[in-house]
Amino acid sequence: MGLKLKQRIPASIAILCAVFMPSPRASAQATVSLQEQLVAQYKLVKMGSDTSGYSVIEQGTLLAVQKGGILGVPYSDQSVLSTKYENGTVHTPSTLLSKGIGFGMKKFGKEQTTKLFPKGDKVYPMKIDVNLEKDTVLVGIVACDTCNKTDPTTYNKANVVFQFPKGTLAKASAGDVEDTIGQLLSISEDSQQQDQGGQQQGQNQGQGQGGGGGQGGGGQGGGGGQGGGGGGQEQAQSEPQTIQLGMTTDQVQQALGTPTKIVNLGPKQIYVYKDLKVTFFGGKVVDVQ
C-alpha cells in the first residue's frame with residue numbers, strides 16, 4: 001500500500017509542474033540578449049570582392065568617429081588591430097605591435113600599412129561581439145571610403161574593444177551600452193537623414209494615392225475638430241503619459257501619438273519622438289531614452 005502511494009505522488013507532482021511551471025528553455029527563449037539588441041540597433045555592413053577589389057554590397061548603420069586614436073589596417077590584410085576604449089579614453093595599439101605585424105607581413109612579400117582614423121571619419125560596423133565574462137563589447141568597423149572621399153579605396157578596418165567596469169556589463173541595459181559606444185562611434189546624422197528621407201518619400205506616396213478622396217468632405221467638419229482640440233491638449237499636459245517595458249507599439253502610439261520617425265531594423269524598431277526614443281524588440285518595449 002505504502003509502495004503504491006510512493007509511486008503515484010511523483011507522477012502527480014510531475015504533471016502539476018509541467019502544467020503550471022514554465023520550462024527553463026521557454027524562459028531563456030523569452031529573454032532578449034544584449035548581443036541581439038545591439039545587433040538590431042547597429043545594422044552590419046556587407047562587403048564583397050571581385051577582380052577589381054573590395055566594395056560595399058549593402059550599407060550598414062553609418063557611424064561617425066568622435067575621437068582620434070583608432071588604428072586601422074587595409075581591409076585586404078589578414079590581421080586586425082584592436083583599439084581599447086575605457087573610461088572615456090582611447091588606448092591606441094602600441095607601435096611595437098604594429099611593427100611586429102608589419103615584419104610578419106614582409107615574409108609574405110607585403111608591406112604592412114596602418115592608419116589612424118581621424119575625428120569625423122565615417123565608418124560602418126562589421127561585427128559586434130559581447131563578452132559578459134570579460135565585460136567587453138567588441139565592435140569591428142570598416143571605413144566608408146565614398147563618405148570620406150578616399151581614393152584609391154582601401155576600406156581600412158579596425159576592432160574597437162569597449163571595456164566596462166568589472167561585473168557591470170551583465171547588468172547594463174542596451175541603452176547604456178549604446179551611449180558608451182556613441183562616445184566614440186556615434187550614429188551619423190547622415191544615416192538618420194537617409195532614414196527620414198526614405199520614410200518621408202513613403203508617406204508622400206501614400207498621401208498621393210489616398211489623399212484626394214478626403215478633401216471634399218472635410219470642409220464643414222474641420223472647424224469643430226479644431227475647436228475641441230484645446231481641451232485634449234490641456235488634459236495631455238496635466239496627465240503625463242507613462243511608457244513601460246513590455247508595452248506594444250500600439251500602446252505606445254496611444255500614449256504618445258504617431259512618432260516623427262520609425263527606424264525599422266527587422267526584429268527591432270525604434271520610434272523617435274521630439275524628446276524621446278523608444279526601442280522595441282519583437283514588438284515589445286525594451287528600452288526608452
Side-chain angles (χ1 to χ4, degrees), residues 24-25 27-45 60-73 77-98 100-101 114 116-117 119 121 123-143 156-188 191 244-246 263 265-268 270 277-282 284-289:
R25 183 177 181 182
S27 300
Q29 291 176 347
T31 302
V32 179
S33 68
L34 178 60
Q35 171 90 22
E36 292 172 325
Q37 293 183 60
L38 292 178
V39 171
Q41 169 70 354
Y42 300 99
K43 181 182 178 182
L44 303 182
V45 67
T61 301
L62 192 62
L63 306 175
V65 177
Q66 298 301 307
K67 298 180 181 180
I70 301 176
L71 189 63
V73 298
D77 288 4
Q78 296 295 323
S79 61
V80 183
L81 301 174
S82 293
T83 298
K84 188 176 182 180
Y85 184 77
E86 184 176 14
N87 296 326
T89 303
V90 179
H91 300 277
T92 306
S94 67
T95 54
L96 292 177
L97 176 62
S98 60
I101 295 176
T114 60
L116 287 170
F117 287 87
K119 179 180 178 181
D121 256 18
V123 298
Y124 292 121
M126 291 193 302
K127 64 178 179 178
I128 296 176
D129 184 19
V130 176
N131 191 322
L132 296 179
E133 294 182 357
K134 296 183 178 180
D135 291 291
T136 60
V137 176
L138 184 148
V139 180
I141 59 173
V142 61
N156 286 293
K157 61 183 179 180
N159 285 339
V160 182
V161 178
F162 293 87
Q163 181 67 60
F164 292 82
K166 186 176 180 180
T168 61
L169 187 58
K171 302 176 183 178
S173 68
D176 293 336
V177 175
E178 291 167 14
D179 289 342
T180 300
I181 294 175
Q183 295 174 11
L184 183 60
L185 301 170
S186 66
I187 296 179
S188 172
S191 180
Q244 298 178 346
L245 295 176
V263 181
L265 302 173
K268 179 176 181 178
I270 302 174
K277 183 173 75 172
V278 184
T279 303
F280 300 88
F281 195 91
K284 300 291 184 65
V285 174
V286 295
D287 188 46
V288 179
Q289 297 180 1

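Scope of the values below: all heavy atoms of this structure, side chains included, with no hydrogens, waters or symmetry mates. Everything numeric in this text was worked out from a predicted model, so none of it was measured. Numbers here are sequence positions counted from 1.
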(message) List the residues meeting salt bridge (charged side-chain N to carboxylate O under 4.0 Å, His left out) with Asp121, not counting sequence neighbours, and say none if there are none.
(response)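 Partners of Asp121 under the salt bridge (charged side-chain N to carboxylate O under 4.0 Å, His left out) test: Lys115.
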(message) Which residues pass the salt bridge (charged side-chain N to carboxylate O under 4.0 Å, His left out) test with Lys84, not counting sequence neighbours?
(response) Glu86
Are any non-hydrogen side-chain atoms of [X] and [Y] less than 4.5 angstrom apart?
{"X": "Ile270", "Y": "Val278", "result": "no"}
{"X": "Leu44", "Y": "Met126", "result": "no"}
{"X": "Leu38", "Y": "Val177", "result": "yes"}
{"X": "Val32", "Y": "Lys284", "result": "no"}
{"X": "Val73", "Y": "Leu81", "result": "yes"}

(message) When you measure from the side chain of Lys67 to the backbone of Gly88, do you find a donor-acceptor pair of N or O atoms at a distance under 3.5 Å?
(response) yes
(request) List for me each residue that meets ring pair (Phe, Tyr, Trp, His ring centres under 6.0 Å) alongside Tyr85, sequence neighbours excluded, and say none if there are none. (result) Phe162
(request) Apply ring pair (Phe, Tyr, Trp, His ring centres under 6.0 Å) to Tyr42 and list each qualifying residue two or more places apart in sequence or on a separate chain. (result) none
Could you list the residues that satisfy side chain to side chain donor-acceptor pair (under 3.5 Å) with [X], not counting sequence neighbours?
{"X": "Thr92", "value": "none"}
{"X": "Tyr124", "value": "none"}
{"X": "Ser173", "value": "Asp176"}

(request) Work out which heavy atom in Val90 is nearest to a heavy atom in Ile70; give both atom names and the distance. (result) CG1-N, 4.3 Å
(request) Compare every heavy atom of Thr83 with every heavy atom of Pro93, then report the nearest pair and how far apart it is. (result)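 Of all heavy-atom pairs spanning Pro93 and Thr83, the closest is CD-OG1, 3.4 Å.
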(message) Under the rule for side-chain contact (heavy atoms from CB on, under 4.5 Å), what residues qualify as partners of Asp179, not counting sequence neighbours?
(response)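 Listed in chain order: Gln289.
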(message) The criterion is side-chain contact (heavy atoms from CB on, under 4.5 Å); which residues satisfy it with Ala64, sequence neighbours excluded?
(response)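 For Ala64 the side-chain contact (heavy atoms from CB on, under 4.5 Å) partners, ignoring immediate neighbours, are Gln66, Lys122, Ser186, Ser188.
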Under 3.5 Å, sequence neighbours excluded: what are the donor-acceptor pairs made by side chains of residues 130-143?
residue, atom, partner, partner atom, Å
Asn131, OD1, Glu133, N, 3.1
Asn131, OD1, Lys134, N, 3.0
Asp135, OD1, Gly167, N, 3.3
Asp135, OD1, Thr168, N, 3.4
Asp135, OD1, Leu169, N, 3.1
Asp135, OD2, Gly167, N, 2.9

(request) Could you check Gln41, Glu36, Gln37 and say which one makes a side-chain hydrogen bond (donor to acceptor under 3.5 Å, both in side chains) with Lys268? (result) Gln41
(request) Please round to the nearest 0.5 Å and tell me the distance separating atom CG of Leu185 and atom CG of Leu63. (result)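 Between Leu185 CG and Leu63 CG, I get 5.5 Å after rounding to 0.5 Å.
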